[in-house]
Number of protein chains: 2
Amino acid sequence: MAKAGATSKATEKGSDRSDTTRRALVIAAIESLKKDGFTRASARVIAQRAGVNQGLVFYHFGSVTNLLLAALDAVSEERLQTYGNEVTKVVSPGELVDTAEGIFKNDLEAGYITVLVEMIAGSFSTPGLGSEVAARIQPWREFAQSSIERSLGDSPLNGVLPSKDVAHAIVALYLGLEMLSHLDGDAAPALALFAHAKQLASLFEAMTAPATTKESS
Amino acid sequence: MAKAGATSKATEKGSDRSDTTRRALVIAAIESLKKDGFTRASARVIAQRAGVNQGLVFYHFGSVTNLLLAALDAVSEERLQTYGNEVTKVVSPGELVDTAEGIFKNDLEAGYITVLVEMIAGSFSTPGLGSEVAARIQPWREFAQSSIERSLGDSPLNGVLPSKDVAHAIVALYLGLEMLSHLDGDAAPALALFAHAKQLASLFEAMTAPATTKESS
DNA sequence: GTCTATACTTGGATAGAC
DNA sequence: GTCTATCCAAGTATAGAC
């Protein structure tokens with residue numbers, strides 16, 4: 001299935017060549033998903049973008065679908081690594097909303113979510129792709145859940161709030177907003193929501209903060 | 001561009017023939033979007049489903065894209081007509097959540113949102129399709145907004161709540177949940193959210209109802 | 001092991017038959 | 001006006017060259 005493993009310190013020069021080609025194809029695949037969409041992300045188009053022969057897609061990845069999944073993996077990994085650090089610093093709902101807004105803007109600009117949405121879209125057409133994509137969304141879901149729980153800290157709400165379900169909703173909302181933003185060519189409605197969320201977060205903090213300091217009786 | 005207009009009371013029998021073919025193609029296109037997805041919803045596949053020659057797609061609709069848009073129109077119209085009646089009876093947030101849950105389940109089963117999501121997905125690949133689909137989502141957004149405002153009634157929140165932004169979020173969430181449900185082949189997480197929303201709604205109703213009776217000072 | 005040239009399939013669109 | 005037979009472009013995949 002995968003070709004992972006000992007490629008870094010190999011003695012053959014052939015591995016380097018292979019690796020270069022693979023990397024070029026993955027980058028070109030990401031670019032194609034962003035700019036052309038799933039439907040037009042064909043072996044021919046991707047290979048041309050990478051400057052290599054079209055047949056190499058099948059030699060190195062077995063199928064176009066596998067290459068696209070590799071592209072999604074690459075994006076997913078880079079994204080989680082970048083944002084993972086940012087989010088560990090978050091200790092309140094207000095900060096979480098701020099961070100989420102920054103991530104949303106960055107995702108929109110970088111086209112990270114576009115890649116994911118395209119793959120989801122393609123999943124409806126390509127048999128068997130659905131479960132593969134679903135498995136790759138799982139880390140994002142867990143990322144959302146742990147972020148929520150961390151931001152709530154030791155608030156009493158932490159035990160009551162169904163963080164798993166909320167995380168599911170957040171991911172769904174995130175994907176939906178991204179789709180609509182692209183469709184309308186306008187991110188304003190989505191960004192307006194972050195402003196409202198910020199107000200809600202500060203309202204929440206104002207409601208819960210006094211409860212811990214004012215412990216009379 | 002379009003072939004709208006005098007087809008109902010025409011004297012020629014040819015119009016009937018044309019109408020039959022067109023209708024068959026639209027139905028087949030809907031079915032294809034649901035079961036095959038945007039990518040595989042080709043003129044050939046759709047025509048075969050409809051039992052007509054593939055070239056008729058281009059004769060009657062000019063292009064595959066136009067046929068798919070006609071399919072989206074048909075679904076959108078039927079959906080809004082069905083749900084429009086249900087929602088006018090809603091007079092409280094609790095009832096709204098109940099109705100929304102029913103609509104969500106029905107949409108999921110009927111595949112209505114699948115058709116929309118497929119078209120949105122295709123919009124990323126097909127130049128010019130985006131704005132067309134966006135225009136067709138507008139009624140759904142307005143539908144959500146008016147439903148929210150109606151359910152709030154004369155509550156003081158009605159003036160404060162940014163119903164337009166909330167409606168945008170609801171539509172986005174709705175699309176996202178539908179996508180994830182399809183992907184996972186499991187609607188349970190989405191349905192769990194409706195249960196939570198129901199609790200929130202009754203909490204909200206309990207908080208606002210006494211406020212109108214207890215008007216001291 | 002890596003890559004290229006080629007085979008085969010499916011799709012969009014139209015010229016021309018009825 | 002309605003429909004069919006046919007054309008050409010684009011896609012996936014592989015047999016065989018290096």
Side-chain angles (χ1 to χ4, degrees), chain A residues 2-7 10-26 28-29 32-33 36-70 122 125-129, chain B residues 1-26 28-29 32-33 36-71 122 125-129:
Chain A
K3 243 193 181 185
T7 46
T11 43
E12 320 98 69
K13 292 175 193 166
S15 290
D16 281 349
R17 264 182 83 81
S18 174
D19 232 46
T20 305
T21 306
R22 288 172 64 89
R23 228 183 292 275
L25 280 172
V26 167
S32 269
L33 282 173
D36 304 325
F38 183 87
T39 307
R40 302 209 164 169
S42 67
R44 286 182 135 87
V45 169
I46 295 171
Q48 185 169 19
R49 231 187 247 279
V52 302
N53 187 284
Q54 163 265 145
L56 292 179
V57 168
F58 303 95
Y59 171 65
H60 285 291
F61 294 91
S63 69
V64 177
T65 302
N66 281 346
L67 170 54
L68 296 179
L69 282 173
S125 297
T126 309
L129 185 54
Chain B
M1 276 258 165
K3 243 195 181 185
T7 45
S8 52
K9 230 181 149 189
T11 43
E12 320 98 69
K13 292 176 196 167
S15 291
D16 281 350
R17 265 181 83 81
S18 174
D19 232 46
T20 305
T21 305
R22 288 172 63 90
R23 227 183 293 275
L25 280 171
V26 167
S32 269
L33 282 173
D36 305 325
F38 183 87
T39 308
R40 303 210 164 169
S42 67
R44 289 182 131 87
V45 169
I46 295 170
Q48 185 168 21
R49 231 187 247 279
V52 302
N53 186 284
Q54 165 263 145
L56 292 179
V57 169
F58 303 95
Y59 172 64
H60 285 290
F61 294 91
S63 69
V64 177
T65 303
N66 280 346
L67 169 55
L68 295 179
L69 282 173
S125 297
T126 310
L129 185 54

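Just so it is clear: chains get the letters A, B, ... in the order the sequence lines come, proteins before strands, and each one is counted from 1.
Here C:dG12 presents its P atom at 13 Å from CG of B:Asn66, a figure rounded to the nearest Å. Residue B:Arg40 contributes atom CZ, which lies 15 Å from atom P of D:dG11 at whole-angstrom precision. Note: CG (A:Leu25) to C1' (C:dT2) measures 13 Å, nearest angstrom. The distance between atom CG of B:Leu67 and atom C1' of C:dG12, rounded to the nearest whole Å, is 13 Å. Taking atom CZ of residue A:Phe58 and atom C1' of nucleotide C:dG1, one finds them 19 Å apart after rounding to whole Å. Between the CZ atom of B:Phe61 and the P atom of D:dT2 there is a distance of 12 Å, rounded to whole Å.
The closest side-chain heavy-atom distance from A:Asp19 to A:Arg23 is below 4.5 Å. Inter-residue side-chain proximity for B:Phe61 and B:Leu69 is flagged as unmet; no heavy-atom pair is nearer than 4.5 Å. In this structure, the side chains of A:Ser32 and A:Arg40 stay at 4.5 Å or more apart for every pair of heavy atoms. By the 4.5 Å heavy-atom criterion applied to side chains, A:Asn66 and A:Ser63 are counted as neighbours.
When all heavy atoms of B:Leu68 and B:Ile46 are compared, the pair lying nearest together is CD2-CD1, 4.0 Å.
A distance-only check finds no donor-acceptor pair linking the side chain of B:Thr126 to the backbone of B:Leu129 [under 3.5 Å]. B:Arg49 places no side-chain N or O within 3.5 Å of a backbone atom of B:Ala29 that could act as its donor or acceptor partner. Not one N or O on the side chain of B:Arg44 forms a donor-acceptor pair closer than 3.5 Å with the backbone of B:Gln54.
Of the residues B:Thr39, B:Asp36, B:Leu33, the one that meets the side chain to side chain contact (heavy atoms under 4.5 Å, CB included) test with A:Ser125 is B:Thr39.
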I'd like a list of close polar pairs between nucleotides 3-5 of chain D and the protein, N/O only, cut-off under 3.5 Å.
residue, atom, partner, partner atom, Å
D:dC3, OP1, B:Arg17, NH2, 3.3
D:dC3, OP1, B:Thr21, OG1, 3.4
D:dC3, OP2, B:Thr21, OG1, 3.4
D:dC3, OP2, B:His60, NE2, 3.1

Using Watson-Crick and G-U wobble pairs with both distances under 3.5 Å, what is the 5'-to-3' dot-bracket string of DNA chain D, with [ ] for crossing pairs and | for pairs outside the strand? ||||||||||||||||||
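Side chain of A:Arg44, nearest nucleotide from C:dG12, D:dT14, D:dG11: D:dG11. Closest to the side chain of A:Val45, from the set D:dA13, C:dG12, D:dG11, is D:dG11.
In this model, the phosphate group of D:dG11 is approached by a side-chain N or O of A:Ser42 to a distance below 4.0 Å at OP1 or OP2.
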